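In this text the structure is predicted, and so the values were computed from the model without any measurement. The figures that follow rest on heavy atoms only: side chains count, while hydrogens, waters and symmetry mates do not. Count residues from 1 along the sequence.
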Amino acid sequence: MEEQVAPNMSPQQFTIGQVGEHAVIAAVRAAAPSARNGDDAAVLSMTTPNARYVATTDMLVENRHFNLDWSTPEEVGAKAAVQNFADVEAMGARATSLLLGISAPLNTPLDTIAGIARGLQSQCSQCAAEIVGGDVVRGESLVLSITAMGELGGPVKPLTLSGARVGDTVIASGPIGWSAAGLALLQHYGSRAAVPDQFQPLVDQHVSPEFHYGRGPVVRATGAGSLTDNSDGLVSDLRDIALASGVSIDIDSDTVAPNDLMLRAAELTDNDPWDWVFNGGEDHTLLGTTSGDAPTFFRAIGAVGKTSAEAVTVDGREPWLRGGWVSF
């Protein structure tokens, strides 16, 4: 049964149960307009010669992958877009479109859903992508299901986990460990407002990670062999490359060492900053391998060697901290 709308309520005060499914869809479309969103399905055209489609999907569950006490709906939407678009770029592809599925309780404020759509749109606008469809259903908790699509232009092969070769340089573009540090600060202080201002860059990287679009296609054009994004942890994600490629990877600790801000945060929260670096994830930094020099906006962080008992080492030794994100 739908809730009743009280007199004199502004649209921002409505819940999705009060306005109904069609109004929820209209709010999403208003926040993220697209001429291709509104029919039974979206018809997408290829824009690049010899292009191939790339598709990926992720789910985000409230209080497991995001917390609305710490993040605004716009930040939740932006984070959902980044973690999907990063997977598209990790193939060397360009993001083009996105599908949004939402399961939500009836008492969810309509503006929360619209805010999530605005956050998604904020990222779409940075890479010329669009929200082209989706679905909304009633559920017991707020869950987002995102499907992102992209185009892999030209005949050059995609950047896969299995493309690393002995002698390659390991490269990275973006921060490593910042998101995990931000989460630790939020857990330690209990609220975003209580976190000292100096640590807000770390918190920002957790609630809405910064991502630089276009670097995946650029590094593919330079002849890189493999690419992934730092979603589950540096060691875990590089291990995926090493095992898929039949090689080993050695990380140079000096190139990934926690900075002064992370060191201060670790001291305050009684954490080991190297745990954030090795196992944190969710920065969505691009990690890969190349036979040449590190491309523009990337830095060298290690080297690829022959297969060994340890798929990933640090300064030639077994990592002294193990972990990384797992769903189960």
Please determine whether side-chain hydrogen bond (donor to acceptor under 3.5 Å, both in side chains) holds for the pair Thr307 and Ser248, giving the CA-CA distance in whole Å, both sets of side-chain angles, and the decisive distance to 0.1 Å.
CA-CA 5 Å; Thr307 184; Ser248 64; over 6 Å; no
Polar side-chain atom of Arg220 near backbone of Val156 as donor-acceptor pair, under 3.5 Å
yes
No-hydrogen, no-angle side-chain donor-acceptor test under 3.5 Å, Ser253 and Asp315
yes
Where the side chain of Asp168 meets the backbone of Arg165, is there a donor-acceptor pair that is under 3.5 Å apart?
yes
Minimum heavy-atom distance between Ser145 and Thr57, given as atom pair plus value:
OG-OG1, 4.2 Å
Is it true that Arg317 and Glu310 make a salt bridge, defined as a side-chain N closer than 4.0 Å to a carboxylate O?
no
Using a strict threshold of under 4.0 Å (side-chain N to carboxylate O), is an ion pair present between Asp58 and Lys79?
no
Counting N and O atoms only, with roles assigned by atom type, does the side chain of Arg239 sit under 3.5 Å from a partner on the main chain of Ile249, one being a donor and the other an acceptor?
no
Is there a donor-acceptor pair closer than 3.5 Å between any side-chain N or O of Asn230 and the backbone N or O of Leu234?
yes
Verify, without hydrogens or angle tests, whether Thr112 (side chain) and Thr108 (backbone) share a donor-acceptor contact under 3.5 angstrom.
no
Say you draw a straight line from CZ of Phe14 to CG of Leu110; how long is it, rounded to the nearest 0.5 Å?
8.5 Å
Can you check side chain to side chain contact (heavy atoms under 4.5 Å, CB included) on Tyr53 and Leu152, steps first, answer last?
CA-CA 6 Å; Tyr53 266 123; Leu152 195 69; over 6 Å; no
Side chain to side chain contact (heavy atoms under 4.5 Å, CB included) assessment of Met149 paired with Leu99:
CA-CA 8 Å; Met149 292 166 285; Leu99 298 170; 3.9 Å; yes
Taking Arg215's backbone N and O only, do any of them form a donor-acceptor pair with Glu89's side chain (distance below 3.5 Å, no angle check)?
yes
Would you compute the distance between atom CD of Glu62 and atom OG of Ser103 and round it to the nearest 0.5 angstrom?
11.0 Å
Distance in Å, Ser191 OG paired with Leu186 CG, rounded so as to fall on 0.5 Å steps
8.5 Å
Using side chain to side chain contact (heavy atoms under 4.5 Å, CB included), reason through Cys124 and Ile131 one step at a time and then give a plain yes or no.
CA-CA 8 Å; Cys124 286; Ile131 299 176; 4.2 Å; yes
In terms of heavy-atom contacts, does CD of Glu267 have more than 12 from other residues, nucleotides or ligands at under 6.0 Å?
no
Pair His188-Thr269, side-chain hydrogen bond (donor to acceptor under 3.5 Å, both in side chains): steps then yes or no
CA-CA 6 Å; His188 178 78; Thr269 60; 5.8 Å; no
Short question: side chain of Ser245, backbone of Ala242 - any donor-acceptor pair under 3.5 Å?
no
Looking at every heavy atom in both Ala80 and Leu60, which two are closest together, and how far apart are they?
CB-CD1, 3.8 Å
Would you say Ser226's side chain and Gly163's backbone share a donor-acceptor pair under 3.5 angstrom?
no
Provide the closest heavy-atom pair for Trp70 versus Gly190 in the form atom of the first, atom of the second, distance.
NE1-O, 3.5 Å
Straight-line distance of Ser179 OG to Glu282 CD, nearest 0.5 Å:
4.5 Å
Return the CG to OG1 distance between Asp237 and Thr228, rounded to the nearest 0.5 Å.
5.0 Å
Checking Val219, Leu286, Thr289, Leu287 against Ile171 for side chain to side chain contact (heavy atoms under 4.5 Å, CB included), the one that qualifies is Val219
Neighbour count >12 (heavy atoms, 6.0 Å) for atom CG, Asp293
no
Arg192 and its side-chain hydrogen bond (donor to acceptor under 3.5 Å, both in side chains) partner, picked from Thr72, Asp69, Asp204
Asp204
Might you work through the side-chain hydrogen bond (donor to acceptor under 3.5 Å, both in side chains) test for Asn84 and Thr56, ending with a clear yes or no?
CA-CA 7 Å; Asn84 281 272; Thr56 185; 4.7 Å; no
Verdict with reasoning, Leu142 to Leu68, per side chain to side chain contact (heavy atoms under 4.5 Å, CB included)
CA-CA 10 Å; Leu142 181 57; Leu68 286 170; 4.0 Å; yes
Can you see which heavy atom on Ala257 is nearest to which on Trp274, and at what distance?
CA-CH2, 3.5 Å
Please check if Val256 and Leu238 belong to a single hydrophobic cluster, counting links between Ile, Leu, Val, Met, Phe, Trp and Tyr side chain heavy atoms closer than 4.5 Å.
yes
Which heavy atom of Ala300 sits nearest to which heavy atom of Ala294, and what is that distance?
N-CB, 4.0 Å
Nearest-0.5 Å distance, CD1 of residue Ile113 to CD1 of residue Ile102
4.5 Å
Name the one of Asp283, Thr285, Val203, Leu183 that satisfies side chain to side chain contact (heavy atoms under 4.5 Å, CB included) with Trp178?
Asp283
Tell me, yes or no, whether the heavy-atom count around Asn63 atom CG, taken from other residues, nucleotides or ligands under 6.0 Å, exceeds 12.
yes
I'd like to know if the side chain of Asp250 and the backbone of Gly316 have a donor-acceptor N/O pair within less than 3.5 Å.
yes
Strictly distance-based, threshold 3.5 Å: is any side-chain N or O of Asn271 a donor or acceptor partner for the main-chain N or O of Pro273?
no
Count I, L, V, M, F, W, Y as connected when their side-chain heavy atoms are under 4.5 Å apart, and connections chain through other members. Are Tyr213 and Leu98 then in the same cluster?
yes
Considering all heavy atoms of both residues, which atom of Ile241 and which atom of Gly288 are nearest to each other, and what is their separation?
CD1-CA, 4.4 Å
